[in-house]
*Asks:* 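Below you'll find the structure I mean.
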Protein chains: 2
Amino acid sequence: MSNSRADVLAAARAILAEHSLADLTMRRLATDLGVRPNALYWHFPNKQTMLAALADDILAGVEPSRKGSAPERIRSAAVAMRAALLDVPDSAEIVSSAWASGLSTRSTLETIVTVARDGGLDAQTADGVATAVCQLTIGLTIEEQTRTQMERLGVTGPSGRDFDSEFARGLDVIVAGARAQTAVSTD
Amino acid sequence: MSNSRADVLAAARAILAEHSLADLTMRRLATDLGVRPNALYWHFPNKQTMLAALADDILAGVEPSRKGSAPERIRSAAVAMRAALLDVPDSAEIVSSAWASGLSTRSTLETIVTVARDGGLDAQTADGVATAVCQLTIGLTIEEQTRTQMERLGVTGPSGRDFDSEFARGLDVIVAGARAQTAVSTD
DNA sequence: ACCTGAACACCGTTCAAGT
DNA sequence: ACCTGAACACCGTTCAAGT
């Protein structure tokens with residue numbers, strides 16, 4: 001009969017899947033779980049902390065690939081991060097806030113740092129690659145998911161933008177930069 | 001006695017400067033302007049539109065530099081964008097939402113596309129550079145400004161992060177990528 | 001051109017108490 | 001370990017009307 005912390009996160013995902021971030025209120029979440037709003041505060045001290053836990057949950061499956069060259073592994077981590085975000089509507093915005101609040105991990109960032117270092121990049125360049133990749137992915141996916149929701153609600157027509165290729169082009173530049181720095185350091 | 005649209009935006013900036021985005025409510029804005037909350041709806045159809053206008057206002061001064069090599073001009077546009085954001089507390093988050101909503105221009109993005117093309121990059125690479133630069137700048141500045149506010153409110157101690165160098169490292173990778181693509185196309 | 005009065009339908013969060 | 005009752009102090013927005 002009683003709800004666990006995981007139940008709360010699952011109900012939050014369901015609200016995002018069927019509605020939107022605007023509908024993800026503590027009151028609505030409580031109603032869907034069959035409890036009063038204040039019951040949620042037994043699980044989380046506040047909404048911000050709940051959203052940070054959700055952000056970690058959403059990106060939990062993003063792991064480094066074991067095969068391919070260093071640039072290919074950086075690229076595949078970025079693609080995996082983007083896929084994880086696209087899987088849950090409005091999740092990019094949630095991740096952005098969570099990373100900013102300091103209440104979530106930034107484990108995907110660390111994953112990419114590790115991949116880049118293992119590929120032979122020096123520490124500073126590896127940090128730069130991971131930062132650029134994560135911000136590109138989160139930021140562009142916020143734009144895409146927001147458009148998707150606006151179209152779903154009929155408040156706007158199609159944007160005419162091709163987010164997949166915008167992402168691919170941005171990623172190409174970052175990977176080219178990583179490759180250039182690798183070339184420099186192995187010279 | 002009566003307020004213009006520009007007065008509303010100026011009052012919004014003042015709230016950000018003295019308080020935070022959380023305090024930037026339509027009700028507080030109205031109080032500061034000496035009117036009732038609903039008076040603001042004469043100037044803007046809703047809060048989202050007001051924030052989009054504010055976002056454009058904040059980035060209005062970011063213009064391409066006329067001197068230096070192509071990589072230097074890309075770098076200086078990125079630095080100018082970051083400076084404009086850092087000048088207004090919590091503005092990066094506002095710009096992120098505004099770009100996503102489609103209610104603001106994305107003129108800074110276009111500025112960087114132009115700078116990159118004029119530097120000899122092909123259209124696709126120029127788009128990739130501009131996208132990567134803008135998302136890096138907005139995303140990292142969201143994190144920095146959020147930390148600044150949390151420290152200001154005493155809810156957190158110092159993060160120990162050096163956002164200036166995180167930004168510099170990310171930007172270095174993107175500029176190296178731009179340079180690499182230039183080299184390829186002029187070969 | 002710009003503002004008010006009055007209202008609607010919401011929010012997140014707290015506190016003491018219950019099982 | 002998990003939830004309720006009751007309340008506090010807010011939000012954005014609408015509509016008709018006023019000057």
Side-chain angles (χ1 to χ4, degrees), chain A residues 1-12 14-16 18-55 90 93-94 97-98 100-104 146 149-150 153-156, chain B residues 1-12 14-16 18-55 90 93-94 97-98 100-104 146 149-150 153-156:
Chain A
M1 293 260 81
S2 72
N3 296 293
S4 69
R5 185 189 152 92
D7 293 332
V8 177
L9 296 181
I15 290 174
L16 293 175
E18 289 154 34
H19 302 89
S20 74
L21 181 54
D23 295 297
L24 180 45
T25 66
M26 296 300 266
R27 285 168 181 274
R28 166 122 207 197
L29 200 44
T31 301
D32 289 4
L33 287 162
V35 296
R36 304 278 160 182
N38 48 357
L40 300 176
Y41 292 83
W42 191 89
H43 298 285
F44 302 97
N46 49 48
K47 185 179 183 180
Q48 201 182 178
T49 304
M50 186 254 120
L51 289 174
L54 184 59
D90 287 338
E93 179 130 30
I94 291 169
S97 301
S101 74
L103 294 170
S104 66
T146 302
Q149 295 289 20
M150 291 176 77
L153 296 173
V155 307
T156 321
Chain B
M1 294 261 80
S2 73
N3 295 293
S4 69
R5 185 190 150 91
D7 292 333
V8 177
L9 296 181
I15 290 174
L16 294 175
E18 289 155 34
H19 303 88
S20 75
L21 181 54
D23 296 298
L24 181 45
T25 66
M26 296 301 265
R27 286 168 181 274
R28 165 120 208 198
L29 199 46
T31 301
D32 289 5
L33 288 163
V35 295
R36 303 278 160 182
N38 48 356
L40 299 175
Y41 292 84
W42 191 88
H43 298 286
F44 303 98
N46 50 48
K47 186 180 182 179
Q48 201 182 178
T49 304
M50 186 252 120
L51 289 174
L54 184 59
D90 287 336
E93 179 130 31
I94 292 169
S97 301
S101 73
L103 295 170
S104 65
T146 302
Q149 296 288 20
M150 291 176 76
L153 296 173
V155 307
T156 321

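Chain letters run A, B, ... following the sequence lines, proteins first and then strands; every chain starts at 1. Hydrogens, waters and symmetry mates are skipped; everything else that's a heavy atom, side chains included, is used.
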*Asks:* Should A:Asn3 be listed as having a side-chain N or O under 4.0 Å from OP1 or OP2 of D:dC2?
*Replies:* no
*Asks:* Does the side chain of B:His43 get closer than 4.0 angstrom to OP1 or OP2 of C:dA1 through an N or O atom?
*Replies:* no
*Asks:* When the P atoms of D:dA9 and C:dC10 are compared, how many Å lie between them, rounded to an integer?
*Replies:* 22 Å
*Asks:* Quickly work out the A:Phe44 CZ to D:dC2 C1' distance and round it to whole Å.
*Replies:* 14 Å
*Asks:* Are B:Ser97 and B:Gln48 packed together at the side-chain level, in the sense that at least one heavy-atom pair is separated by less than 4.5 angstrom?
*Replies:* no
*Asks:* Between CE of B:Met26 and CE of B:Met50, what distance do you get to the nearest 0.5 Å?
*Replies:* 7.0 Å
*Asks:* Please convert DNA chain D into dot-bracket. A pair counts if it is Watson-Crick or G-U wobble with both distances under 3.5 Å; crossing pairs go in [ ] and bases paired with another strand get |.
*Replies:* ||.|||||...|||||.||
*Asks:* Which nucleotide in the list C:dT4, D:dA1, D:dT4 gets nearest to the side chain of B:Arg36?
*Replies:* C:dT4
*Asks:* Using the P atom in both, what is the distance from D:dA17 to C:dC2, to the nearest Å?
*Replies:* 22 Å
*Asks:* How many whole angstroms separate atom CG of B:Asp7 from atom C1' of C:dC2?
*Replies:* 12 Å
*Asks:* Kindly indicate whether the side chain of A:Phe44, heavy atoms from C-beta on, has any atom under 4.5 Å from the side chain of A:Leu9.
*Replies:* yes
*Asks:* Give each protein N/O atom lying under 3.5 Å from an N/O atom of nucleotides 17-19 of chain D, with the pair distance.
*Replies:*
none

*Asks:* Does any N or O in the side chain of A:Ser104 come within less than 3.5 Å of the main-chain N or O of A:Ala98, such that one atom is a donor and the other an acceptor?
*Replies:* yes
*Asks:* Between A:Asp32, A:Thr25, A:Leu21, which is the residue that forms a side chain to side chain contact (heavy atoms under 4.5 Å, CB included) with A:Ile15?
*Replies:* A:Asp32
*Asks:* So A:Asp90 and A:Gln149, side-chain contact (heavy atoms from CB on, under 4.5 Å) or not? Walk me through it.
*Replies:* CA-CA 8 Å; A:Asp90 287 338; A:Gln149 295 289 20; 3.1 Å; yes
*Asks:* Roughly how far, to the nearest 0.5 Å, is CG of B:Leu51 from CD1 of B:Ile94?
*Replies:* 5.5 Å
*Asks:* Atom pairs under 3.5 Å, N or O on each side, protein against nucleotides 12-16 of chain C: can you list them with distances?
*Replies:*
| unit_1 | atom_1 | unit_2 | atom_2 | d |
| --- | --- | --- | --- | --- |
| C:dG12 | OP1 | A:Met26 | N | 3.1 |
| C:dG12 | OP1 | A:Lys47 | NZ | 3.0 |
| C:dG12 | OP2 | A:Met26 | N | 3.0 |
| C:dG12 | OP2 | A:Arg27 | N | 3.4 |
| C:dG12 | N7 | A:Arg27 | NE | 3.2 |
| C:dG12 | N7 | A:Arg27 | NH2 | 3.2 |
| C:dG12 | O6 | A:Arg27 | NH2 | 2.5 |
| C:dT13 | OP2 | A:Tyr41 | OH | 2.7 |
| C:dT13 | OP2 | A:Lys47 | N | 2.9 |
| C:dT13 | O5' | A:Tyr41 | OH | 3.4 |
| C:dT14 | O4 | A:Asn38 | ND2 | 3.4 |

